[in-house]
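Input: a single structure, listed below in structure tokens.
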Amino acid sequence: MNIQLEKMKQNQECERRKRIAEEKHREWVQKKTEEERTERKRKLSKEMAEKATRELEKMQLQEKADVKYKEWLKKKRAEEAEKKKKEKEKAKEREAELQEKRTRSEKIFKEWLQNARNKPQPALNGYGFPRGKSTGLY
């Protein structure tokens, strides 16, 4: 009977240790899963923060690029307007020069025409040539 009681005590002790071990294992597994969950949450929040930072930097870079492009475009348009203005001025100057040249040439032509009317006509049969042709040896 003592042996049976001992065996029963040993069995009970063994069962109790098993239960305690299983309980500790369950607690450890639960603790581990909780730690993993918190670690995943921390990593996810860190990734989200980094992503938000990258997006913000990207947006700022895009805004800077847009501002620089607008400045460049404004400068380019101003240069083009200045170029067109200079071309128009040159065209006006050329037109003015041509007009001045025309008026000068018309004036000179009219003077020449007036002077040509007043000039005496050359003799048709001058210098011993009858009818303007040579008749032979002299």
Side-chain angles (χ1 to χ4, degrees):
M1 203 156 155
N2 281 340
I3 295 173
Q4 282 181 350
L5 275 174
E6 247 200 64
K7 277 187 179 182
M8 269 179 63
K9 280 183 182 178
Q10 283 180 355
N11 281 342
Q12 285 176 353
E13 186 67 25
C14 192
E15 293 272 326
R16 190 181 62 82
R17 283 183 185 170
K18 264 187 179 179
R19 273 195 313 257
I20 291 173
E22 285 177 2
E23 202 172 302
K24 284 185 178 181
H25 182 267
R26 247 185 272 123
E27 287 175 5
W28 180 83
V29 168
Q30 201 173 18
K31 183 180 171 187
K32 202 66 168 165
T33 54
E34 190 64 34
E35 285 176 2
E36 287 176 358
R37 192 177 300 127
T38 55
E39 184 68 22
R40 267 185 270 148
K41 282 183 182 178
R42 189 184 61 80
K43 279 185 180 179
L44 187 64
S45 64
K46 186 178 177 182
E47 285 177 6
M48 294 294 280
E50 287 176 357
K51 188 175 180 182
T53 305
R54 282 194 304 267
E55 287 292 323
L56 184 65
E57 288 174 357
K58 190 176 179 182
M59 284 175 40
Q60 288 174 346
L61 194 64
Q62 186 67 35
E63 286 176 7
K64 283 182 184 179
D66 287 343
V67 167
K68 284 193 176 196
Y69 174 73
K70 285 178 183 176
E71 288 175 3
W72 174 83
L73 192 62
K74 187 177 177 183
K75 184 180 174 184
K76 199 68 171 172
R77 286 183 179 160
E79 286 175 2
E80 287 178 5
E82 188 67 29
K83 190 177 178 182
K84 284 183 181 179
K85 187 177 176 183
K86 285 182 180 180
E87 286 177 1
K88 282 184 180 180
E89 287 177 4
K90 283 184 180 180
K92 283 183 182 179
E93 286 177 8
R94 273 189 250 120
E95 189 64 36
E97 286 176 5
L98 283 172
Q99 189 65 31
E100 188 179 327
K101 200 173 183 180
R102 280 190 198 118
T103 54
R104 223 180 314 127
S105 62
E106 284 180 16
K107 183 180 174 187
I108 291 172
F109 175 73
K110 285 180 182 176
E111 285 177 7
W112 174 83
L113 195 60
Q114 194 68 32
N115 289 339
R117 286 183 188 158
N118 297 337
K119 279 188 181 177
Q121 294 289 328
L124 290 175
N125 297 328
Y127 307 105
F129 299 107
R131 289 183 230 112
K133 297 181 183 176
S134 171
T135 53
L137 295 177
Y138 62 96

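Please read all numbers here as calculations on a predicted model, not as lab measurements.
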*Quick check: are there more than 12 heavy atoms from other residues, nucleotides or ligands sitting under 6.0 Å from CD of E36?*
yes
Measuring only between side-chain heavy atoms, which start at C-beta, is [X] closer than 4.5 Å to [Y]?
{"X": "E87", "Y": "K90", "result": "no"}
{"X": "Q114", "Y": "E111", "result": "no"}
{"X": "E6", "Y": "Q10", "result": "yes"}

*Run the side chain to side chain contact (heavy atoms under 4.5 Å, CB included) check on E82 and K86 step by step: do they pass?*
CA-CA 6 Å; E82 188 67 29; K86 285 182 180 180; 3.8 Å; yes
Rounded distance [0.5 Å steps], [atom1] in [X] versus [atom2] in [Y]:
{"X": "R77", "Y": "E80", "atom1": "CZ", "atom2": "CD", "value": "8.0 Å"}
{"X": "K58", "Y": "K51", "atom1": "NZ", "atom2": "NZ", "value": "10.5 Å"}
{"X": "L113", "Y": "N118", "atom1": "CG", "atom2": "CG", "value": "10.0 Å"}
{"X": "E23", "Y": "R19", "atom1": "CD", "atom2": "CZ", "value": "9.0 Å"}
{"X": "Q99", "Y": "E95", "atom1": "CD", "atom2": "CD", "value": "6.5 Å"}
{"X": "H25", "Y": "K32", "atom1": "NE2", "atom2": "NZ", "value": "12.0 Å"}

_Criterion salt bridge (charged side-chain N to carboxylate O under 4.0 Å, His left out) on K24 and E27, from CA distance to verdict_ = CA-CA 5 Å; K24 284 185 178 181; E27 287 175 5; over 6 Å; no
*asked:* Under a 4.0 Å threshold between the charged nitrogen and the carboxylate oxygen, would R37 count as salt-bridged to E34?
replied: yes
_Using the side-chain contact (heavy atoms from CB on, under 4.5 Å) definition, which of the options Q12, K18, E13 pairs with R16?_
E13
*Under the salt bridge (charged side-chain N to carboxylate O under 4.0 Å, His left out) criterion, do R104 and E100 qualify, and how do the steps go?*
CA-CA 6 Å; R104 223 180 314 127; E100 188 179 327; 3.7 Å; yes
